[in-house]
Amino acid sequence: MGGHDAGTQHQFTGFAKYFNAFTITGRRNCVLATYASIVAIGLFFKLKPKKQAAIKE
Amino acid sequence: MVLTLILGLFDQFFSPYFLGVPLLAIAIAAPWVLFPKPSNRVINGRSLVAQNSFVLNFAKQILLPLNVGAHKWALLLTVLMVNLITLNLLGLLPYTFTPTTQLPLNMGFAIPLWLATVVIGLRNQPTIALGHLLPEGTPAPLIPVLIIIETISLFVRPFALGVRLTANLAAGHLLIQLLSSATLFLIDQMWPVAILTGLVMALLTLLELAVAAIQAYVFVLLLSLYLQENT
């Protein structure tokens with residue numbers, strides 16, 4: 001079946017080895033990282049302590 | 001006069017009798033005779049040969065781009081195609097209800113089958129299934145945006161499948177009803193215009209025949225494409 005990149009012709013190093021838009025594992029890692037970021041941002045805003053307004057006399 | 005009007009509203013739903021024969025019986029039995037029973041004869045009749053030829057050629061065509069692992073869907077896809085094309089074409093007969101104009105039915109087809117393709121992909125080859133959410137060669141700044149867009153597009157697929165079929169068929173039937181009402185009304189008022197609207201209705205009916213078959217094919221084809229992505 002066509003469309004799946006074996007990634008043999010791409011020689012990435014460092015960060016790009018795991019997160020790139022060319023190899024199938026790179027694309028998968030980008031997707032998972034994006035989902036994790038969205039969940040993290042959502043959790044951050046949900047769990048952030050709400051500031052109570054100071055009572056003025 | 002009011003009572004006559006009220007009673008007259010429901011007359012169209014009474015199945016007619018012709019020469020004492022209740023046509024309802026024939027209407028119910030008609031789809032049954034459209035599909036001849038498979039036989040073990042070497043040389044079959046024309047209708048059975050035509051049916052077999054259609055089913056086999058369709059199955060061959062739809063399975064061409066699919067992996068061997070997806071071939072277990074052959075029966076389901078073929079049955080779905082025969083079912084949809086039958087419902088669509090029979091619905092074009094006068095006074096025949098078309099089930100595929102109802103959104104719940106089409107969503108009942110679309111959602112479970114789409115979900116099955118997604119679950120198969122995530123279960124058997126999760127890396128490839130997740131990797132499909134990012135088009136190959138995307139520039140780095142666009143990666144998060146495109147992933148979000150592709151995810152939304154993935155979840156919109158079943159609704160697109162169901163609504164496409166519903167809208168195409170419902171709109172076609174509505175147009176036929178409007179044109180036929182207009183033709184009947186105009187026959188007394190302006191008969192040349194009635195001929196024109198009648199002609200447009202005839203052409204529209206031909207178009208609806210094509211749309212009925214094409215929409216059934218598109219539904220099954222898209223489903224096979226989603227399956228191809230995930231197997």
Side-chain angles (χ1 to χ4, degrees), chain A, chain B residues 59-74 77 116-157 221-231:
Chain A
M1 181 178 144
H4 293 156
D5 185 7
T8 50
Q9 65 270 39
H10 299 286
Q11 300 297 329
F12 294 108
T13 54
F15 185 79
K17 188 178 173 187
Y18 299 103
F19 297 94
N20 63 77
F22 294 94
T23 60
I24 198 70
T25 47
R27 284 152 70 190
R28 179 204 68 188
N29 292 338
C30 286
V31 169
L32 290 174
T34 306
Y35 287 164
S37 308
I38 292 169
V39 167
I41 291 167
L43 279 174
F44 170 75
F45 281 106
K46 191 168 176 164
L47 299 173
K48 193 172 76 168
K50 291 183 177 52
K51 289 180 193 173
Q52 286 185 352
I55 299 167
K56 291 183 183 175
E57 297 211 17
Chain B
K60 206 163 54 173
Q61 186 67 31
I62 208 83
L63 290 174
L64 219 55
L66 293 175
N67 278 337
V68 176
H71 285 190
K72 58 183 79 164
W73 281 59
L77 292 173
T117 62
V118 170
V119 166
I120 283 171
L122 286 173
R123 193 177 147 193
N124 297 343
Q125 41 184 40
T127 299
I128 294 173
L130 285 171
H132 275 306
L133 289 169
L134 177 63
E136 196 177 335
T138 307
L142 284 175
I143 286 175
V145 178
L146 229 52
I147 288 171
I148 293 168
I149 289 172
E150 289 287 325
T151 307
I152 293 169
S153 135
L154 175 74
F155 283 99
V156 161
R157 276 179 184 177
L221 181 72
L222 284 171
L223 212 52
S224 75
L225 288 175
Y226 301 155
L227 183 66
Q228 187 185 345
E229 272 186 8
N230 288 298
T231 49

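Letters A, B, ... are given to chains in the order of the sequence lines, protein chains preceding strands, and every chain is numbered from 1. This is a predicted model, so every value here is computed, not measured.
With a threshold of 4.5 angstrom between heavy atoms, B/Pro135 approaches chain A through N, CA, C or O but not through any side-chain atom. There is no contact between B/Leu146 and chain A, counting heavy-atom distances below 4.5 Å. Proximity to chain B is limited to the side chain of A/Tyr35, based on heavy atoms less than 4.5 angstrom apart.
Between chain A and the options B/Pro144, B/Ala140, B/Gly137, the largest number of non-hydrogen pairs under 4.5 Å is found for B/Gly137.
Between A/Ile24 atom CD1 and B/Gln125 atom CD the span is 9.0 Å, to the nearest 0.5 Å. Of the inter-residue distances, the one linking A/Arg28 atom CZ with B/Ile128 atom CD1 reads 11.0 Å to the nearest 0.5 angstrom. One distance of note links CD1 of A/Ile38 with OG1 of B/Thr151; it measures 7.0 Å at 0.5 Å rounding. Between the CG atom in B/Leu130 and the OG1 atom in A/Thr25 there is a gap of 12.0 Å [rounded to 0.5 Å].
The main-chain N or O of B/Leu134 is found under 3.5 Å from a side-chain atom of A/Arg27 such that the two form a donor-acceptor pair.
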